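Notes for the one structure printed next.
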Amino acid sequence: MKAFDNLLSKAVHGDSRMRERGDVAPPIHVTTTRTHSKDPEHLHAHNSHDAPPDDDVYSREGHPNCKRVEATLSELLGGHCVAYSSGLSAYNALLLLKTPKRLFIGDGYFGIQAVARISQRSGLEIHPLEKIEELAENGDFVHVESLVNPTAIAPNIRSFAKRAHDKGAILVVDATFAPPPLQAPFELGADIIIHSASKYLGGHSDVLAGVLVTKSEKEAYALLEDRASIGTIIPPLTSWLLLRSLKTYPLRIKQQSANVNAIVKFLSDNQSKLSKLTNVYHSNLQSDQFVASQLPHGGSPTFSIEVTDEQTAKEVPSNLKLFYHVTSLGDVHSTIEWRAAIDENAKRNLLRLSIGIEDTDELIADLKQALE
Ligand SMILES: *Cc1c(COP(=O)(O)O)cnc(C)c1O
């Protein structure tokens with residue numbers, strides 16, 4: 001995964017060229033509007049074909065904090081990044097830009113499906129992934145979540161890319177659960193990548209943001225132009241917080257990844273001794289051959305377990321000491337959720353865990369006492 005070489009340096013220096021007057025910590029630019037040039041020679045008539053909205057004349061179109069966070073995101077995610085006010089507004093922007101006739105989509109985060117249903121009102125057809133061969137046409141979307149919420153099972157991205165491309169369709173990969181360096185969707189054939197930056201990239205439960213990653217600059221420009229009109233730009237303070245978070249992102253994901261690899265191994269090795277535990281879902285436990293090359297460092301820090309019954313599932317979160325019982329994921333704190341509280345399709349005995357950066361042994365000991 002060459003795209004992710006030197007991630008630690010990229011995270012810290014991705015926006016260095018945009019530093020203003022020697023500032024080390026970036027200022028927060030809250031102004032919504034900025035003065036035009038005083039020099040008449042520098043005043044040009046607007047030409048929308050020139051370039052994307054620029055110059056930060058009005059903050060719906062662009063602002064310095066957004067530019068800095070996008071510069072760092074582009075380094076980290078290995079493409080041209082456009083940042084939005086949420087993961088779902090990023091996805092909506094993509095649907096608006098490409099206006100696919102059909103969307104092929106399987107299991108995954110219910111919010112993405114809710115956005116797609118809004119486009120259904122203006123004619124979008126939604127089909128299961130099994131129908132790609134039968135129904136897909138040029139310009140349609142094949143949407144794959146990797147890894148899949150809530151089980152963190154890996155879909156074969158390379159195989160979906162082939163199935164989509166054979167029909168002229170576009171492969172969109174929601175990589176929120178396995179951000180860099182865990183997997184490289186472009187290298188596996190994805191055409192566009194989406195991340196909810198509210199999760200691992202933000203990492204502190206204080207940022208709501210989303211990002212689209214494109215292969216071509218032209219496509220990113222088109223998204224920027226649309227974003228200026230639909231008004232879903234990432235706000236200044238959120239940009240600043242996200243930029244700050246990204247500086248330590250590679251360190252965080254490394255520890256989260258090491259933790260989850262150890263925890264999943266412990267739970268699956270000791271399932272017979274943990275009386276409340278009946279099932280562990282994680283791509284590290286998947287036998288399919290493609291998994292090792294798609295996820296060379298191991299799978300997502302988010303995964304799911306099943307316990308004996310609904311009552312136990314409601315009790316386990318309160319019996320844990322290091323885990324917060326919350327929705328969302330990707331935080332430096334470990335979190336757990338009785339998923340049925342938020343997702344009506346979730347099994348009643350399922351718990352979703354997102355592993356933080358705490359000490360591995362302490363997390364394992366905590367889970368052990370809560371599950372035996
Ligand atoms: C959270 C999430 C989203 C939506 O992101 P928001 O930032 O909450 O809008 C999209 N996809 C996946 C897989 C998610 O987990």
Side-chain angles (χ1 to χ4, degrees), residues 66 69-70 73 77 81-96 103 105-119 129 141-155 157 160 171-180 182-183 185 190 192-213 227 230-235 237-239 241-242 245-246 249 253 256 260 281-283 295 299-304 326-331 335-337 339 341-343 345-346 350 352-356:
C66 172
V69 79
E70 282 178 343
L73 284 166
L77 302 178
C81 286
V82 183
Y84 293 86
S85 55
S86 72
L88 292 188
S89 72
Y91 190 61
N92 193 43
L94 185 60
L95 287 172
L96 290 174
L103 167 67
I105 188 165
D107 290 340
Y109 180 64
F110 60 87
I112 291 285
Q113 321 232 3
V115 175
R117 282 198 297 277
I118 294 172
S119 278
L129 293 164
F141 271 15
V142 172
H143 182 94
V144 172
E145 203 166 284
S146 184
L147 305 160
V148 180
N149 179 51
T151 53
I153 298 296
I157 296 180
F160 277 109
L171 180 65
V172 182
V173 172
D174 183 334
T176 301
F177 270 44
L182 298 181
Q183 66 182 352
I192 296 217
I193 303 169
I194 174 169
H195 284 273
S196 165
S198 322
K199 314 295 168 57
Y200 291 99
L201 299 172
H204 298 75
S205 300
D206 53 11
V207 158
L208 186 70
V211 54
L212 291 174
V213 196
R227 189 186 64 185
I230 51 186
T232 49
I233 192 169
I234 183 172
L237 179 58
T238 304
S239 306
L241 283 168
L242 180 55
S245 289
L246 291 177
Y249 164 75
I253 195 75
Q256 285 170 305
V260 79
Y281 297 102
H282 191 264
S283 61
L295 296 156
S300 178
T302 296
F303 69 102
S304 288
V326 295
T327 198
S328 196
L329 53 105
D331 198 282
T335 59
I336 187 165
E337 181 173 36
R339 211 44 201 156
I342 177 156
D343 182 353
N345 298 316
L350 183 131
R352 189 181 73 181
L353 293 82
S354 169
I355 303 303

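For ligands, and for the atoms within them, numbers begin at 1 and follow the listed sequence. Given the structure is predicted, the values throughout are model-derived calculations rather than measurements.
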task = For T335 and L329, work out which heavy atoms get closest and say how close.
result =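 The pair with the smallest heavy-atom distance is OG1-CA, 4.4 Å.
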
query = If you look at every heavy atom in I193 and A175, which pair is closest and at what distance?
reply = CG2-CB, 3.9 Å

Under 3.5 Å between some N or O of ligand 1 and some N or O of [X]?
X	result
S196	yes
G87	yes
K199	yes
A197	no

note = The answer for which part of F177 has a heavy atom under 4.0 Å from ligand 1 is side chain

task = For ligand 1, note which part of T176 has a heavy atom under 4.0 Å away: side chain, backbone, both or neither.
result =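 Side chain only.
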
Inter-residue atom distance S198.OG - D331.CG, 0.5 Å rounding =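 The distance works out to 11.5 Å.
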
task = Pull out every atom of ligand 1 sitting under 4.0 Å from any heavy atom of S198, numbered as shown with elements.
result =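 So the atoms of ligand 1 that pass are 6 (P), 7 (O).
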
inquiry  = Distance under 4.0 Å to a non-hydrogen atom of S86: what atoms of ligand 1 satisfy this?
reply    =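 Within the 4.0 Å cut-off of S86, ligand 1 contributes 7 (O), 9 (O).
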
Between [X] (side chain only) and [Y] (backbone N and O only), is there a donor and an acceptor less than 3.5 Å apart?
X	Y	answer
Q183	G299	no
E70	A83	yes
S304	Y281	no
H282	S300	yes

ask   = Among the heavy atoms of D174, does any lie under 4.0 Å from an atom of ligand 1?
value =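 Under 4.0 Å: yes for D174.
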
inquiry  = Please determine whether any non-hydrogen atom of A209 lies less than 4.0 Å from an atom of ligand 1.
reply    = yes

ask   = Given L94, which of V172, V82, I194 fulfils the side chain to side chain contact (heavy atoms under 4.5 Å, CB included) condition?
value = V172

task = Nearest heavy atom to atom 10 (C) of ligand 1 wins, so pick from Y109, F110, Y200.
result =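 Among Y109, F110, Y200, the closest heavy atom to atom 10 (C) of ligand 1 comes from Y109.
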
